[in-house]
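Predicted model only: the values in this text are computed from it and were never measured. The first residue of the sequence shown is numbered 1, and numbering continues consecutively from there. We use all heavy atoms of the structure for the numbers below, so side chains are in, but hydrogens, waters and symmetry mates are not.
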Amino acid sequence: FQNCTGLTSIELPDGVTQVGENAFYGCENLTQLDLGESLTEIAPYAFAGLKKLTAIRLPASVQVVRARAFYNCNEAETITIPEGVEQIEEYAFYSCKAVTAIELPMSLKEMGKNAFYSCEKAQSIHCGGLTELPAYAFYGCKTAKSLTMLDEVHTIGERAFYNCYVLQVDRWPAALESIGHYAFNGCRVMQNLDISGTRIREIGNSAFYQCYEARNLAFPETLETIGTSAFAYLNYNKDAYVTTVHIPARVTEIAKTAFSNANRLQAFTVDEANPVYTASDGILIIKETGELYIWPTANTTTEFTVPA
């Protein structure tokens with residue numbers, strides 16, 4: 001039925017367990033879709049490009065949604081994914097621009113990259129049973145305000161929430177170990193950057209770039225690396241909420257531009273046990289060489305004594 005533009009509704013009978021690749025691809029005038037109650041798998045591109053479909057409801061029997069299954073279903077306002085779905089592959093719901101909420105089931109254990117890329121009208125994101133959030137997963141969800149994650153989430157992939165402009169995270173997962181490059185880049189009003197209750201070891205390049213409205217910033221003792229431009233433009237030309245940043249003992253690599261253009265930042269403090277860095281008068285210094293490594297933009301020190 002690929003590109004059957006005259007088709008306006010589909011009703012699959014019970015007993016149909018699979019829909020093949022490209023089965024209804026490009027049926028752009030289809031407005032009603034009933035998938036029955038027996039489907040276990042939806043093949044790649046099976047319902048891609050259904051541009052007038054306003055609701056997607058998967059039956060409880062579905063376990064796997066393959067790559068690009070509902071790619072570019074631009075007008076789907078609701079997507080119902082029931083408990084029992086275990087895997088959603090890459091680009092599955094890519095550019096479902098009209099969906100108002102992304103609610104993933106607790107049964108979901110694996111999701112591919114770009115799965116909900118550019119779901120621009122989604123107001124909330126619930127990550128269900130996922131413990132790893134893949135690259136580009138929710139890229140460009142511009143109106144998403146709330147994010148719910150399991151405490152067991154250990155990895156947030158590259159650009160996972162890139163340009164989610166109004167996103168807030170009330171609570172960071174305790175098991176979190178890695179935040180990928182550009183993961184929260186452009187989350188301009190995000191306030192809570194207190195990740196001290198996590199196990200994070202690495203913060204990627206530009207991970208929190210342009211978080212203008214951050215109210216706090218605190219790191220766990222497990223942190224080892226802060227990437228290039230990770231916190232660039234923190235509080236840029238906004239109220240001075242984050243004025244001091246404490247560097248824990250295990251941090252041995254901080255990119256020189258990690259806090260570039262954070263023009264309200266006044267001072268660094270460093271754990272005495274840190275083998276690489278120290279601070280004097282709020283200025284971050286390389287211990288071995290005495291190099292003045294990062295001088296905070298808002299630091300007003302006029303006289304400086306190099307520490308012994």
For [X], give me all partners under salt bridge (charged side-chain N to carboxylate O under 4.0 Å, His left out), at least two apart in sequence or on another chain.
X	result
E28	none
E41	R66
E77	none
E158	none

Any idea which heavy atoms bring [X] and [Y] closest together, and the distance?
X	Y	value
G49	C73	N-SG, 4.3 Å
M111	A137	CE-CB, 3.8 Å
N299	Q266	ND2-O, 2.9 Å
A279	I285	C-CD1, 4.5 Å
N235	A214	ND2-O, 2.9 Å
A43	G20	CB-C, 3.4 Å

Between the side chain of [X] and the main-chain N/O of [Y], is any donor-acceptor distance below 3.5 Å?
X	Y	result
T222	I200	yes
K287	N274	yes
N29	G6	no
K256	Y293	yes
N114	F138	no
T228	A255	no
E83	S107	yes
S61	E37	yes
N192	V169	yes
S178	T155	no

Cluster check [X], [Y]: I/L/V/M/F/W/Y, side chain < 4.5 angstrom:
X	Y	value
I81	I56	yes
Y165	L193	no
V99	Y136	no
Y71	L39	no
Y233	I254	no

Can you tell me if [X] has over 12 outside heavy atoms packed within less than 6.0 Å of its [atom1]?
X	atom1	result
R264	CZ	yes
R215	CZ	yes
E224	CD	yes
Y25	OH	no

Find out whether [X] and [Y] are in side-chain contact, i.e. whether some heavy atom of one side chain is under 4.5 Å from a heavy atom of the other.
X	Y	answer
T78	R57	no
E132	H154	yes
L7	F24	yes
I79	C96	yes
P82	P105	no

With respect to I195, which candidate in N216, L223, L176, I203 satisfies the side chain to side chain contact (heavy atoms under 4.5 Å, CB included) definition?
->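 Testing each of N216, L223, L176, I203 against I195, the sole residue satisfying side chain to side chain contact (heavy atoms under 4.5 Å, CB included) is I203.
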Applying the side chain to side chain contact (heavy atoms under 4.5 Å, CB included) test to F47, which of N22, L53, L35 qualifies?
->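 Only one option passes, and that is L35.
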Do [X] and [Y] get their side chains close enough for a donor-acceptor pair, meaning under 3.5 Å?
X	Y	value
R68	Y45	yes
S124	K145	no
H126	T148	no
N74	K51	no

Parallel, tilted or perpendicular: rings of Y162 and Y139 (30°, 60°) |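 Plane angle under 30°, so parallel.
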Got a second to check how far [X]'s [atom1] is from [Y]'s [atom2], nearest 0.5 Å?
X	Y	atom1	atom2	value
K121	K142	NZ	NZ	11.5 Å
N163	R159	CG	CZ	10.0 Å
S38	L12	OG	CG	9.5 Å
K52	T5	NZ	OG1	9.5 Å
Y277	E288	OH	CD	12.0 Å
I102	Q123	CD1	CD	11.0 Å

Pick from F116, Y209, F184: which one makes a ring-ring contact (aromatic ring centres under 6.0 Å, His included) with F161?
->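 Going through the options one by one, the only one that passes is F184.
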Take N72 and Y94, measure what side-chain contact (heavy atoms from CB on, under 4.5 Å) needs, and give me the verdict at the end.
-> CA-CA 6 Å; N72 274 349; Y94 179 101; 4.0 Å; yes
Check ion pair E86-K109 (N to O, under 4.0 angstrom) =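 Salt bridge between E86 and K109, a charged N being under 4.0 Å from a carboxylate O: no.
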Under 4.0 Å between a Lys/Arg side-chain N and an Asp/Glu carboxylate O for R250 and D271?
->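 No, no charged N to carboxylate O under 4.0 Å.
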Walk me through it: do S146 and Q168 pass the test side-chain contact (heavy atoms from CB on, under 4.5 Å)?
-> CA-CA 5 Å; S146 66; Q168 300 290 348; over 6 Å; no
Going through the distances and angles, do F70 and L50 end up as a side-chain contact (heavy atoms from CB on, under 4.5 Å)?
-> CA-CA 8 Å; F70 294 93; L50 306 188; 5.7 Å; no
Excluding sequence neighbours, so at least two apart, what forms ring pair (Phe, Tyr, Trp, His ring centres under 6.0 Å) with F268?
->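 For F268, the residues satisfying ring pair (Phe, Tyr, Trp, His ring centres under 6.0 Å) (neighbours in sequence not counted) are F259.
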Does the side-chain contact (heavy atoms from CB on, under 4.5 Å) test come out yes or no for L130 and V153, once each step is laid out?
-> CA-CA 7 Å; L130 291 173; V153 169; 5.6 Å; no
Listed pairs under 3.5 Å, donor-acceptor, residues 236-244 side chains, sequence neighbours left out:
{"unit_1": "N237", "atom_1": "OD1", "unit_2": "N263", "atom_2": "ND2", "d": "2.8"}
{"unit_1": "D239", "atom_1": "OD2", "unit_2": "Y241", "atom_2": "OH", "d": "3.4"}

